[in-house]
Amino acid sequence: MRIAVTYENGQIFQHFGHTEQFKVYDVSDGKIISAEIVDTNGSGHGALAGVLNALKVDTLICGGIGGGAQAALAAAGIKLYGGVSGETDQAVEALLKDKLEFNPDVQCSHHEHHGEGHSCGEHGCGSEHHCESK
């Protein structure tokens, strides 16, 4: 199993589409066997699903995430645990123990006013985003 977590200074970064790093964990027999921090090289939003796919990640833990990115992750076969906050290492340990608290209905609020089929890259929305669990 390979788990990626949106990462900033040891914490779960709260906006998937703007994360600059993932912490990627390799897991075997329910235990973390290695972890590394991987730079996204400027990729954002839906393109990040491709980054995770190339890293052979099968699970993502993150904070806020928009619908387009959720769809891209689903298409790549990556299981999503959204609406999570706190330390990355603790979140992975909780997931491995089936104790991770997450929000299956997490949604990034700046995506709501755009309607179906929206991709954030289409409108240059800048950094005034507010992601939250609903």
Side-chain angles (χ1 to χ4, degrees):
M1 176 185 226
R2 199 147 213 235
I3 302 168
V5 185
T6 53
Y7 182 83
E8 184 177 61
N9 299 322
Q11 300 292 310
I12 298 168
F13 186 68
Q14 291 301 302
H15 191 301
F16 173 79
H18 288 276
T19 194
E20 294 181 7
Q21 295 179 317
F22 290 107
K23 189 162 183 182
V24 180
Y25 299 81
D26 287 305
V27 175
S28 181
D29 297 324
K31 293 185 174 36
I32 297 170
I33 56 173
S34 68
E36 66 177 320
I37 296 170
V38 178
D39 193 7
T40 64
N41 295 318
S43 296
H45 294 94
L48 289 170
V51 169
L52 294 172
N53 203 26
L55 291 168
K56 301 190 181 334
V57 166
D58 48 42
T59 303
L60 171 69
I61 299 172
C62 67
I65 184 168
Q70 289 181 29
L73 290 169
I78 298 171
K79 183 155 179 57
L80 171 65
Y81 294 90
V84 182
S85 61
E87 292 185 17
T88 57
D89 294 350
Q90 289 180 350
V92 172
E93 290 288 349
L95 177 64
L96 296 177
K97 295 174 183 169
D98 285 329
K99 294 184 177 181
L100 181 66
E101 292 185 25
F102 68 99
N103 180 351
D105 299 318
V106 68
Q107 183 70 29
C108 199
S109 65
H110 77 275
H111 290 264
E112 292 173 2
H113 63 276
H114 293 290
E116 294 296 314
H118 163 71
S119 170
C120 195
E122 293 171 358
H123 65 84
C125 44
S127 62
E128 293 299 314
H129 295 161
H130 303 287
C131 297
E132 57 201 44
S133 298
K134 295 207 175 244

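The first residue of the sequence shown is numbered 1, and numbering continues consecutively from there.
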Answer whether the closest heavy-atom distance between the side chains of L52 and V24 falls below 4.5 Å.
no
In terms of ring plane angle, is the pair Y81 and F102 parallel, tilted or perpendicular, where the classes change at 30° and 60°?
perpendicular
Using modelled atom types only, decide if a donor and an acceptor are shared between the side chain of Q70 and the backbone of V106 within a distance under 3.5 Å.
yes
Check: D29 side chain, K31 main-chain N or O, donor-acceptor pair, under 3.5 Å
no
Considering all heavy atoms, the nearest T88-T6 contact:
CG2-O, 3.9 Å
Residue pair A91 / I12: nearest heavy atoms and the distance that separates them:
CB-CD1, 3.7 Å
Quick check: do E36 and Y25 have side-chain heavy atoms less than 4.5 Å from each other?
no
Heavy-atom side-chain proximity of L100 to I61 below 4.5 angstrom
yes
Hey, does E8 have a side-chain heavy atom less than 4.5 Å from the side chain of E20?
no
Quick check against the 3.5 Å criterion: does T40 have a side-chain atom that pairs as donor or acceptor with the backbone of T19?
yes
Least distance between heavy atoms, L96 atom then M1 atom:
CD2-SD, 4.4 Å
To the nearest 0.5 Å, how far apart are CD in Q90 and NZ in K99?
13.5 Å
Return the CD1 to NZ distance between I78 and K56, rounded to the nearest 0.5 Å.
11.5 Å
Is there a side-chain contact between D89 and K23 (heavy atoms, below 4.5 Å)?
yes
Is there a donor-acceptor pair under 3.5 Å between the side chain of Q14 and the backbone N or O of V84?
yes
Do L60 and K79 have side-chain heavy atoms sitting under 4.5 Å apart?
no
So that I can tick it off, tell me whether D26 and R2 are bridged by a salt bridge, with the cut-off set at under 4.0 angstrom between side-chain N and carboxylate O.
yes
Which other residues end up in the same hydrophobic cluster as I33, if Ile, Leu, Val, Met, Phe, Trp and Tyr are linked when side-chain heavy atoms come under 4.5 Å apart?
none
Only one of V5, I3, L48 passes side chain to side chain contact (heavy atoms under 4.5 Å, CB included) with F22, and that residue is L48
Side chain proximity check, L80 to C62, heavy atoms < 4.5 angstrom
yes
